Amino acid sequence: MTLPFKAIISDLDGTLLNAEHKIGDFTIQILSELSQKGVDVYIATGRNLSDVQHIIRKVNVDEAMLVTSNGARANFLSGECVLNHHLPEELAFKLMNIEFDPTRVCVNSYQGDEWFINIDLESLRKYHQDSGFMYQVVDFAQHHGRQTEKVFFIGRELADLLPIEQKIRETYGDQVYTVYSTPQCLEVMNNGVSKANALEELAERRGYTLKDCLVFGDGMNDFEMLKQAGKGCVMGNADPRLKEALPNNEVIGFNKDEAVARYIRQVFGL
(Lines give C-alpha, C1' and ligand atoms only; values in the text may rest on other atoms or scores of the structure.)
Protein backbone atom coordinates (compact mmCIF):
# COMPACT_ATOMS: atom_id res chain seq x y z
CA MET A 1 0.00 0.00 0.00
CA THR A 2 1.30 3.46 -0.95
CA LEU A 3 1.33 5.84 1.99
CA PRO A 4 0.21 9.46 1.38
CA PHE A 5 3.15 10.86 3.42
CA LYS A 6 6.46 9.49 4.65
CA ALA A 7 6.17 11.30 7.98
CA ILE A 8 3.95 13.36 10.22
CA ILE A 9 5.34 16.35 12.10
CA SER A 10 3.52 17.96 14.99
CA ASP A 11 3.96 20.79 17.42
CA LEU A 12 2.96 19.94 21.00
CA ASP A 13 1.18 22.63 23.05
CA GLY A 14 -1.99 23.78 21.35
CA THR A 15 -1.58 21.06 18.72
CA LEU A 16 -0.83 17.44 19.65
CA LEU A 17 -1.38 17.85 23.40
CA ASN A 18 -4.86 18.27 24.85
CA ALA A 19 -6.24 21.12 26.94
CA GLU A 20 -4.46 19.70 30.02
CA HIS A 21 -1.13 19.83 28.12
CA LYS A 22 -0.96 16.04 28.08
CA ILE A 23 -0.89 13.52 25.25
CA GLY A 24 -4.31 11.87 25.09
CA ASP A 25 -4.92 8.11 24.97
CA PHE A 26 -6.48 8.33 21.51
CA THR A 27 -3.46 10.25 20.22
CA ILE A 28 -1.10 7.67 21.72
CA GLN A 29 -3.06 4.90 19.99
CA ILE A 30 -3.07 6.60 16.58
CA LEU A 31 0.62 7.54 16.64
CA SER A 32 1.51 4.00 17.67
CA GLU A 33 -0.52 2.54 14.80
CA LEU A 34 0.99 5.05 12.39
CA SER A 35 4.52 4.15 13.39
CA GLN A 36 3.79 0.44 12.92
CA LYS A 37 2.81 1.26 9.31
CA GLY A 38 6.29 2.65 8.74
CA VAL A 39 5.42 6.34 8.92
CA ASP A 40 8.00 8.47 10.72
CA VAL A 41 6.86 10.52 13.72
CA TYR A 42 8.44 13.91 14.38
CA ILE A 43 7.83 16.28 17.28
CA ALA A 44 8.76 19.92 16.65
CA THR A 45 8.29 22.13 19.69
CA GLY A 46 9.57 25.00 21.75
CA ARG A 47 9.89 22.66 24.72
CA ASN A 48 13.18 21.28 26.04
CA LEU A 49 14.44 17.85 24.97
CA SER A 50 14.16 16.17 28.38
CA ASP A 51 10.55 17.36 28.60
CA VAL A 52 9.67 16.01 25.15
CA GLN A 53 11.35 12.63 25.60
CA HIS A 54 9.03 11.87 28.50
CA ILE A 55 5.97 12.63 26.36
CA ILE A 56 6.91 10.66 23.24
CA ARG A 57 8.01 7.60 25.18
CA LYS A 58 4.34 7.01 25.96
CA VAL A 59 3.89 6.19 22.27
CA ASN A 60 4.85 2.76 20.92
CA VAL A 61 7.48 3.90 18.41
CA ASP A 62 10.78 2.24 17.53
CA GLU A 63 12.24 5.62 16.67
CA ALA A 64 11.12 9.26 16.64
CA MET A 65 12.67 12.55 15.60
CA LEU A 66 12.63 15.35 18.17
CA VAL A 67 13.14 19.00 17.27
CA THR A 68 13.21 21.06 20.46
CA SER A 69 13.75 24.67 21.59
CA ASN A 70 12.21 25.80 18.27
CA GLY A 71 14.93 24.08 16.25
CA ALA A 72 17.96 24.91 18.40
CA ARG A 73 18.35 21.17 19.05
CA ALA A 74 17.44 18.05 17.08
CA ASN A 75 17.74 14.47 18.31
CA PHE A 76 16.63 10.99 17.48
CA LEU A 77 14.70 9.39 20.33
CA SER A 78 17.36 6.69 20.46
CA GLY A 79 19.79 9.36 21.63
CA GLU A 80 21.80 10.65 18.67
CA CYS A 81 22.10 14.44 18.62
CA VAL A 82 21.88 15.73 15.05
CA LEU A 83 22.34 19.44 15.75
CA ASN A 84 22.57 21.92 18.59
CA HIS A 85 22.81 25.65 17.88
CA HIS A 86 23.45 27.68 21.04
CA LEU A 87 23.31 31.42 21.33
CA PRO A 88 26.79 32.90 21.84
CA GLU A 89 27.36 33.17 25.60
CA GLU A 90 27.83 36.94 25.72
CA LEU A 91 24.77 37.55 23.55
CA ALA A 92 22.65 35.16 25.63
CA PHE A 93 23.63 37.00 28.82
CA LYS A 94 22.69 40.36 27.27
CA LEU A 95 19.30 39.01 26.19
CA MET A 96 18.60 37.62 29.65
CA ASN A 97 19.23 41.06 31.12
CA ILE A 98 17.38 43.27 28.66
CA GLU A 99 15.12 45.83 30.33
CA PHE A 100 11.41 45.05 30.80
CA ASP A 101 8.57 45.73 33.21
CA PRO A 102 8.95 43.00 35.88
CA THR A 103 5.32 43.46 36.93
CA ARG A 104 4.16 42.47 33.43
CA VAL A 105 6.90 40.21 32.02
CA CYS A 106 9.20 37.40 33.20
CA VAL A 107 12.34 36.10 31.48
CA ASN A 108 13.34 32.44 31.02
CA SER A 109 16.16 30.46 29.43
CA TYR A 110 16.67 26.88 28.29
CA GLN A 111 20.31 25.97 28.81
CA GLY A 112 21.28 22.38 28.12
CA ASP A 113 18.71 20.27 29.94
CA GLU A 114 17.88 23.01 32.46
CA TRP A 115 15.24 25.72 32.63
CA PHE A 116 15.87 29.00 34.44
CA ILE A 117 13.44 31.81 35.30
CA ASN A 118 13.65 35.10 37.18
CA ILE A 119 10.55 34.57 39.37
CA ASP A 120 8.51 31.69 40.74
CA LEU A 121 5.51 31.57 38.38
CA GLU A 122 3.05 28.92 39.55
CA SER A 123 0.93 29.12 36.39
CA LEU A 124 3.74 27.59 34.30
CA ARG A 125 3.70 24.35 36.25
CA LYS A 126 0.56 23.09 34.48
CA TYR A 127 2.48 22.78 31.20
CA HIS A 128 4.97 20.34 32.66
CA GLN A 129 3.09 18.43 35.35
CA ASP A 130 3.25 15.25 33.26
CA SER A 131 7.01 15.23 32.66
CA GLY A 132 8.12 16.86 35.89
CA PHE A 133 10.43 19.22 33.97
CA MET A 134 10.68 22.30 36.18
CA TYR A 135 12.43 25.65 36.35
CA GLN A 136 15.05 26.99 38.73
CA VAL A 137 14.66 30.59 39.93
CA VAL A 138 17.84 32.63 39.40
CA ASP A 139 19.10 36.20 39.33
CA PHE A 140 20.00 36.57 35.66
CA ALA A 141 22.35 39.45 36.44
CA GLN A 142 24.46 36.87 38.30
CA HIS A 143 23.79 34.01 35.87
CA HIS A 144 25.72 32.80 32.78
CA GLY A 145 25.05 32.34 29.08
CA ARG A 146 26.50 28.87 28.57
CA GLN A 147 24.64 26.32 26.40
CA THR A 148 21.71 28.68 25.85
CA GLU A 149 19.26 27.23 23.34
CA LYS A 150 16.75 30.02 23.77
CA VAL A 151 15.80 33.01 25.89
CA PHE A 152 12.08 33.67 26.16
CA PHE A 153 9.85 36.33 27.63
CA ILE A 154 6.33 35.67 28.92
CA GLY A 155 4.02 38.67 29.20
CA ARG A 156 0.56 39.19 30.55
CA GLU A 157 -0.44 40.47 27.09
CA LEU A 158 1.11 40.78 23.63
CA ALA A 159 1.43 44.54 24.18
CA ASP A 160 3.84 43.88 27.06
CA LEU A 161 6.23 42.07 24.72
CA LEU A 162 6.22 44.42 21.74
CA PRO A 163 8.78 46.89 23.21
CA ILE A 164 11.10 43.97 24.04
CA GLU A 165 10.74 42.57 20.54
CA GLN A 166 11.48 45.97 19.01
CA LYS A 167 14.57 46.45 21.20
CA ILE A 168 15.92 42.99 20.32
CA ARG A 169 15.32 43.43 16.60
CA GLU A 170 16.95 46.88 16.59
CA THR A 171 19.97 45.81 18.66
CA TYR A 172 20.54 42.15 17.79
CA GLY A 173 18.34 41.58 14.74
CA ASP A 174 21.06 40.15 12.50
CA GLN A 175 22.30 37.81 15.24
CA VAL A 176 19.07 36.13 16.36
CA TYR A 177 15.83 34.50 15.25
CA THR A 178 12.87 36.01 17.11
CA VAL A 179 9.39 34.49 17.07
CA TYR A 180 6.19 34.17 19.10
CA SER A 181 5.20 30.66 20.21
CA THR A 182 1.98 32.16 21.62
CA PRO A 183 0.79 35.78 21.68
CA GLN A 184 2.10 35.95 25.26
CA CYS A 185 5.50 34.29 24.67
CA LEU A 186 8.37 35.86 22.71
CA GLU A 187 11.26 33.48 22.02
CA VAL A 188 14.81 34.27 20.90
CA MET A 189 17.20 31.74 19.37
CA ASN A 190 20.47 31.95 17.46
CA ASN A 191 20.37 33.28 13.92
CA GLY A 192 19.37 30.62 11.39
CA VAL A 193 17.50 28.53 13.95
CA SER A 194 13.95 27.45 13.15
CA LYS A 195 11.87 24.31 13.37
CA ALA A 196 11.85 24.05 9.58
CA ASN A 197 15.63 24.22 9.22
CA ALA A 198 16.16 21.50 11.83
CA LEU A 199 13.43 19.34 10.31
CA GLU A 200 14.96 19.55 6.84
CA GLU A 201 18.25 18.23 8.23
CA LEU A 202 16.53 15.37 10.04
CA ALA A 203 14.35 14.49 7.05
CA GLU A 204 17.37 14.48 4.75
CA ARG A 205 18.95 11.86 6.98
CA ARG A 206 15.80 9.76 6.48
CA GLY A 207 16.00 10.18 2.69
CA TYR A 208 13.24 12.72 1.98
CA THR A 209 12.23 16.38 2.47
CA LEU A 210 9.48 18.39 4.17
CA LYS A 211 7.48 18.07 0.94
CA ASP A 212 6.97 14.41 1.88
CA CYS A 213 5.52 15.33 5.29
CA LEU A 214 2.14 16.11 6.83
CA VAL A 215 2.63 18.92 9.36
CA PHE A 216 0.48 20.34 12.19
CA GLY A 217 0.92 23.56 14.17
CA ASP A 218 -0.79 26.43 15.96
CA GLY A 219 1.81 29.14 16.59
CA MET A 220 3.92 31.62 14.65
CA ASN A 221 6.95 29.46 15.43
CA ASP A 222 5.30 26.81 13.22
CA PHE A 223 4.96 29.11 10.20
CA GLU A 224 8.01 28.00 8.22
CA MET A 225 7.44 24.27 8.64
CA LEU A 226 3.75 24.60 7.76
CA LYS A 227 4.59 26.65 4.68
CA GLN A 228 7.27 24.27 3.43
CA ALA A 229 5.40 21.02 4.14
CA GLY A 230 3.81 18.76 1.56
CA LYS A 231 0.64 19.58 3.50
CA GLY A 232 0.53 21.94 6.47
CA CYS A 233 -2.55 21.88 8.71
CA VAL A 234 -3.35 24.79 11.02
CA MET A 235 -5.24 24.15 14.24
CA GLY A 236 -8.67 25.69 14.76
CA ASN A 237 -7.34 27.15 18.02
CA ALA A 238 -4.25 28.61 16.31
CA ASP A 239 -2.88 32.12 16.76
CA PRO A 240 -5.04 34.30 14.45
CA ARG A 241 -1.85 35.75 12.98
CA LEU A 242 -0.83 32.27 11.79
CA LYS A 243 -4.16 31.74 10.05
CA GLU A 244 -3.78 35.12 8.39
CA ALA A 245 -0.20 34.35 7.31
CA LEU A 246 -1.22 30.98 5.80
CA PRO A 247 -4.61 31.65 4.18
CA ASN A 248 -4.34 28.66 1.82
CA ASN A 249 -3.53 26.07 4.50
CA GLU A 250 -6.31 23.81 5.73
CA VAL A 251 -7.66 24.65 9.19
CA ILE A 252 -8.63 21.55 11.17
CA GLY A 253 -10.18 21.00 14.62
CA PHE A 254 -9.07 21.87 18.13
CA ASN A 255 -6.33 20.36 20.26
CA LYS A 256 -8.77 19.78 23.12
CA ASP A 257 -10.57 17.29 20.85
CA GLU A 258 -7.33 15.52 19.77
CA ALA A 259 -7.93 16.82 16.25
CA VAL A 260 -4.44 15.92 15.02
CA ALA A 261 -4.97 12.25 15.78
CA ARG A 262 -8.42 12.33 14.19
CA TYR A 263 -7.02 13.92 11.05
CA ILE A 264 -4.18 11.38 10.86
CA ARG A 265 -6.66 8.51 11.20
CA GLN A 266 -8.68 9.88 8.28
CA VAL A 267 -5.68 10.55 5.99
CA PHE A 268 -3.94 7.21 6.62
CA GLY A 269 -7.10 5.10 6.97
CA LEU A 270 -6.28 3.82 10.43
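None of these values were measured; they are calculated from a predicted model.
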Apply side chain to side chain contact (heavy atoms under 4.5 Å, CB included) to the pair Glu224 and Leu210, showing each step before the final yes or no. CA-CA 11 Å; Glu224 293 92 345; Leu210 280 176; over 6 Å; no
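- Under the side-chain contact (heavy atoms from CB on, under 4.5 Å) criterion, Ala159 pairs with no residue, sequence neighbours left out.
- For the 3.5 Å distance criterion, the side chains of Asp218 and Thr15 qualify, holding a donor opposite an acceptor.
- Summarising the geometry, atom CG belonging to Leu186 is positioned 4.5 Å from atom OH belonging to Tyr180; distances are rounded to the nearest 0.5 Å.
- Applying the side-chain contact (heavy atoms from CB on, under 4.5 Å) criterion to Arg206, with sequence neighbours excluded, gives Asp40, Tyr42, Met65, Phe76, Tyr208.
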In a table with atom names and distances, give each donor-acceptor pair under 3.5 Å that connects a side chain of residues 259-269 to protein atoms at least two apart or in another chain.
from   : atom 1 : to     : atom 2 : distance (Å)
Arg262 : NE     : Asp257 : O      : 2.8
Tyr263 : OH     : Glu250 : OE1    : 2.7

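- With rounding to the nearest 0.5 Å, the separation of CG in Asn70 from CE in Met225 is 9.5 Å.
- Tracing side-chain contacts under 4.5 Å through hydrophobic residues (I, L, V, M, F, W, Y), one reaches Leu16 starting from Leu66; they form part of the same cluster.
- Residues Lys37 and Glu33 are not paired through a salt bridge, judged by the lack of any N-O separation under 4.0 Å between the basic side chain and the carboxylate.
- Within the 4.5 Å cutoff, side-chain heavy atoms of Asp212 are placed close to those of Thr209.
- Nearest approach of Gln111 to Arg146, heavy atoms of both residues: NE2-O, 2.9 Å.
- By the rule that hydrophobic residues join a cluster once side-chain heavy atoms approach within less than 4.5 Å of another member, Phe216 and Ile28 end up as members of one cluster.
- Side chains of Leu77 and Glu63 form a contact here, defined as non-hydrogen atoms less than 4.5 Å apart.
- When the salt bridge (charged side-chain N to carboxylate O under 4.0 Å, His left out) test is applied to Asp239, the partners found at least two apart in sequence or on another chain are Arg241.
- Checking Leu95, Asn97, Ile98 one by one against Phe140, the side chain to side chain contact (heavy atoms under 4.5 Å, CB included) holds for a single residue, Asn97.
- Atom CD of Glu90 has 12 or fewer heavy atoms from other residues, nucleotides or ligands within 6.0 Å.
- One distance of note links CD1 of Ile23 with CG of Leu31; it measures 5.5 Å at 0.5 Å rounding.
- Residues Ile117 and Cys106 share a closest heavy-atom pair of CD1-SG, 4.2 Å.
- Residues forming a salt bridge (charged side-chain N to carboxylate O under 4.0 Å, His left out) with Lys195 (at least two apart in sequence, or on another chain): Asp11, Asp222.
- Every residue two or more places apart in sequence or in another chain that forms a side-chain contact (heavy atoms from CB on, under 4.5 Å) with Arg104 is listed here: Asp101, Arg156, Glu157, Asp160.
- Both Val41 and Phe26 are part of a single hydrophobic cluster, where members link through side-chain heavy atoms under 4.5 Å apart.
- Partners of Glu170 by salt bridge (charged side-chain N to carboxylate O under 4.0 Å, His left out), not counting sequence neighbours: none found.
- Here the closest heavy-atom approach between residue Ile9 and residue Ala44 is recorded as CG2-CB, 4.0 Å.
- To the nearest 0.5 Å, the span separating CG on Asn197 from CE on Met189 amounts to 11.0 Å.
- Side-chain atoms of Leu87 and Asn190, non-hydrogen and from C-beta on, do get closer than 4.5 Å to each other.
- A donor-acceptor pair under 3.5 Å links the side-chain atoms of Glu258 to the main chain of Thr27, judged by distance alone.
- A 4.5 Å side-chain heavy-atom check between Leu17 and Asn255 finds every atom pair outside the cut-off.
- Taking the side chain as every heavy atom from C-beta outward, Ser35 and Asn60 never approach each other to under 4.5 Å.
- Proximity of Ser181 to Phe152: side-chain heavy atoms (C-beta onward) are nowhere separated by under 4.5 Å.
- Residues meeting the side-chain contact (heavy atoms from CB on, under 4.5 Å) test with Ala198, sequence neighbours left out: Val67, Ala74, Leu83.
- Put simply, the side chain of Asn118 gets close to the backbone of Val107: a donor and an acceptor are under 3.5 Å apart.
- Using a 4.5 Å cut-off on side-chain heavy atoms (C-beta onward), Thr68 and Asn48 make no contact.
- Within 6.0 Å of the CD atom in Glu80, the count of heavy atoms belonging to other residues, nucleotides or ligands exceeds 12.
- Every residue meeting the side chain to side chain donor-acceptor pair (under 3.5 Å) condition with Asp120, not counting sequence neighbours, appears here in chain and number order: Tyr135.
- Residues Ile43 and Ile55 have side chains not in contact (no heavy-atom distance under 4.5 Å, counting atoms from C-beta outward).
- Applying the side chain to side chain donor-acceptor pair (under 3.5 Å) rule to His85 yields no partners; only residues at least two apart in sequence or on another chain are considered.
- Considering CE of Met134 and CH2 of Trp115, their distance stands at 5.5 Å, rounded to 0.5 Å.
- In terms of heavy atoms, Tyr172 sits closest to Leu91 at CD2-CD1, 3.5 Å.
- Applying the salt bridge (Lys or Arg N to Asp or Glu O under 4.0 Å) rule to pairs touching residues 173-187 yields Lys150-Glu187, sequence neighbours excluded.
- Among all heavy-atom pairs drawn from Ala92 and Val151, the shortest one is O-CG2, 4.2 Å.
- Remark: Lys243 engages no residue in a salt bridge (charged side-chain N to carboxylate O under 4.0 Å, His left out) (not counting sequence neighbours).
- Rounding to the nearest 0.5 Å gives a distance of 5.0 Å between SG of Cys233 and CD1 of Ile252.
- For the side chain to side chain contact (heavy atoms under 4.5 Å, CB included) criterion with Ile30, the lone passing option out of Asp25, Ile8, Leu270 is Leu270.
- Nearest approach of Tyr110 to Ser69, heavy atoms of both residues: CD1-OG, 3.6 Å.
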